[in-house]
Participant: 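This is the structure I want to talk about, given as structure tokens.
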Amino acid sequence: MHTIALVGNPNSGKTTLFNALTGSNQHVGNWPGVTVEKKEGKFKWKGNQYNVVDLPGTYSLGAYSEDEVVARDYIIKGNPDLVINVVDATNIERNLYLTTQLIEMGTKVIIALNMMDEAKQKNIDIDIDRLSKKLGAPIIPTIASKNKGLDNLIEESINYFSKDNNSNISFSYGENVDEEIKSIESILANSTLEYPTRWVAIKLLEGDQDIYNQLGKIKESSQIIERISSLGEKAEEYELEIVDRRYAFINNVLKDSVKQPTETAETITDKIDKIITHKYLGLPIFAIIMFAVFQLTFAIGGDIFGGYVATFVEYAGELVVGFLNNIGVSEWLVSFISEGLFGGVATVFEFIPLIMVLYFFLGILEDTGYMARAAYIMDNLMRALGLHGKTFISMIVGFGCNVPGIMATRTLDNKKDRMIALLINPFMSCGARLPIYLVFIAAFFPDHGGIVLFSLYTLGIVVALVLGKIFSKTLFKGESSHFIMELPPYRLPIFKYVIRDMWDKVWDFLYRAGTIIFVVVSLLWILSVLPLGVEPYSQESILGRIGTFLSPIFIPAGFGTWQATVSLFAGIAAKEAVVAILGMVYAGVSEGSQLVSALQNVFTPLTAISFMVMTLLYTPCAAVIGTVKKETNSTKWAIFMAIYPFVIGWIASVLIYQIGSLLGF
Ligand code: GDP
Ligand code: MG
């Protein structure tokens, strides 16, 4: 089966194209750094199947960050039959830098000249035939978001498989460099290296660290290193020459094939940005927008839909339990279903409407391009704290789930920046923590849901930034690398995608409820009814005893009950389990009692806050810890990630409870 790889700058429309081709629904976002792993899919055309691979967006094929290495390794070692280079037509000059590198690699390239609608709007005039001749690659204009030009693109790609000419452009870096490349090539001629020799030679002259490391494997390595170090001062000169020649090539290509209006009028995007990214107004506007989102979430999700779902869940529970009692199922099974499943797992379901609404709004903010502005606004603050601007992008991704948030840190080029971004990500309040806040808000702050949620999310951000600053001063010293955030134009969100992303998150939530949370609740249910003979869910049960043993830890924080304790520890498996376990030990449909009223009896508004802050900050879930281990390749950091947030959460909740008590709350 033939394989096509999609390569292009961030935000050029690769994922949109990938989804349109394969009918899958990978996450599309109007900002850079959304896809950090390659995604594979298939499509059928005229009876044949083809593979498509969506690679992370990169500006170049150097080895500056992990996503660049992922992309170029795939192009070379994955042996795709064809590379479709997605080029943003409104930004040709910058996009072609990557294109020239693909041509250099000798890859078989077709260019999808995307965003033709926007280019037209901006009066950018492109002579496609001429451009194509100069680049030595076919160019197909497309509008991926409207499915335009895709048939052509596929047709042309398939024709291209059988042609054996790669780009027929020969690239010159000037006499001296060309000669040097040739002599390095001749040393490499019989080597076992998997890369094209010419490309390796160029990369070596560019000082590419990754390629240097790969050299270790071959016998010619010492000869090459000798050769390059003999260049002495000329090495730097050559490096600059290579980059210069690439730009010169691009300029030459663009010269008579692309006409851009010189005096670009101020676009709508520029006008909006003047206000939204304003030095002083930007941050307050960001805060107001987020606050409005939380308010709307409660107004729509809570008041309009929420009630129905809760009533439905309760009704369904009574119906099932009534039915089981009628047909005379054994008592323990009825108890498991009414308390374990409906008291626990189903309790979590009641919050789905709110979660849907919240993610709907966050999706719109992301797709319009606002979230990219949020990161831009935060950039100054981040830099003042010694953090890299891209950190905030991974933090916003973490609002959905910390696992992709941590993966998004791959776009950070240097190790120091990346480690800090990774370590502070779990303080971003993920979707799984929402049900906890929502149930406590329902119990204690029903009229102030928006402000409570807003405060919790903000607290998460503040704690993350403070710790980031501390880490950058202690654990990871060294310079932060420079970052210029590129702002995508504002775009109308494509509702299909917003809704699909929202469903993805809800589905993920349901899936976890049906798997991990189900397992956790089942196990803890068994512990809560054993040993036989004791009152189920009482302090004498095994679960009660474990909780009682551990609960003194939380006495200074005001919620040292065995129930709260076991729910927190269960939450380390998955955060939704906190509410599920509270539901199981406090409520259950058979008593007809509701978790909300049960909580009102054991918590106070102050201990509710202290508990919510603990759940915001303490140990992230097992999936996150696993991701940290995978991404850092270190058990040490995984253990650190399990412990230090617990300590931070504990200190914060103790402070809240102790100070609050002193003040008489
Ligand atoms: P990627 O980073 O390259 O994967 O880019 P995405 O596929 O995530 O797209 C970035 C943004 O551009 C999204 O908001 C898309 O909806 C939008 N987009 C993609 N293709 C087009 C296009 O041809 N025209 C316009 N106007 N927008 C597009
Ligand atoms: Mg993408």
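Just so it is clear, the structure is predicted and the values come from calculations on it, not from any experiment. Both ligands and their constituent atoms are indexed starting at 1 by order of listing.
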Participant: Is the closest basic N to carboxylate O distance between Asp117 and Lys148 below 4.0 Å?
Facilitator: no

Participant: Tell me which part of Arg491 gets within contact of ligand 1: side chain, backbone, both or neither, using heavy atoms under 4.0 Å.
Facilitator: side chain

Participant: Can you find a non-hydrogen atom of Gly8 under 4.0 Å from ligand 1?
Facilitator: no

Participant: Would Asn114 count as a polar contact of ligand 1, with the cut-off being nitrogen or oxygen pairs under 3.5 Å?
Facilitator: yes

Participant: Which residue from Pro56, Pro488, Ala112, Ser145 reaches closest to atom 21 (C) of ligand 1 through any of its heavy atoms?
Facilitator: Ser145

Participant: Atoms of ligand 1 less than 4.0 Å from Glu118 heavy atoms?
Facilitator: 26 (N)

Participant: Using a 4.0 Å heavy-atom threshold (strictly under), name the region of Asp54 that reaches ligand 1: side chain, backbone, both or neither.
Facilitator: neither

Participant: Side chain, backbone, both or neither: which applies to Thr16 and ligand 1 if a contact is any heavy-atom pair less than 4.0 Å apart?
Facilitator: both

Participant: Hey, is Lys46 close enough to Glu155 for a salt bridge, meaning N to O under 4.0 Å?
Facilitator: yes

Participant: Under 3.5 Å, is there a donor-acceptor pair linking the side chains of Tyr490 and Asp273?
Facilitator: yes

Participant: Any N or O on Asp367 sitting closer than 3.5 Å to an N or O of ligand 1?
Facilitator: no

Participant: With heavy atoms of Ile494 as the reference, note each atom of ligand 1 found under 4.0 Å away.
Facilitator: 16 (O)

Participant: Any chance you could measure Asp501, atom CG, to Ile364, atom CD1, to the nearest 0.5 Å?
Facilitator: 11.5 Å

Participant: Quick one about Thr277 and Arg373 (side-chain donor to acceptor, distance below 3.5 Å, no hydrogens or angles considered), yes or no?
Facilitator: no

Participant: Do Tyr97 and Tyr247 have ring centroids that are under 6.0 Å from one another?
Facilitator: yes

Participant: One residue to check: Lys14. Relative to ligand 1, which of side chain, backbone, both or neither has a non-hydrogen atom less than 4.0 Å away?
Facilitator: both

Participant: Can you confirm if the aromatic rings of Tyr457 and Phe399 lie within a centre distance of less than 6.0 Å?
Facilitator: yes

Participant: If I apply the N/O under 3.5 Å rule, does Leu17 come out as touching ligand 1?
Facilitator: no

Participant: If I compare all heavy atoms of Thr58 with all of Pro10, which pair ends up nearest, and what's the gap?
Facilitator: N-CD, 3.7 Å

Participant: Answer yes when Arg246 and Glu206 have at least one side-chain N-carboxylate O distance shorter than 4.0 Å, and no when they do not.
Facilitator: yes

Participant: In ligand 1, which numbered atoms sit nearer than 4.0 Å to a non-hydrogen atom of Ala144?
Facilitator: 20 (N), 22 (C), 23 (O)

Participant: Counting each atom of ligand 1 from 1 as listed, which ones have a heavy atom of Ile143 under 4.0 Å away?
Facilitator: 22 (C), 23 (O), 24 (N)

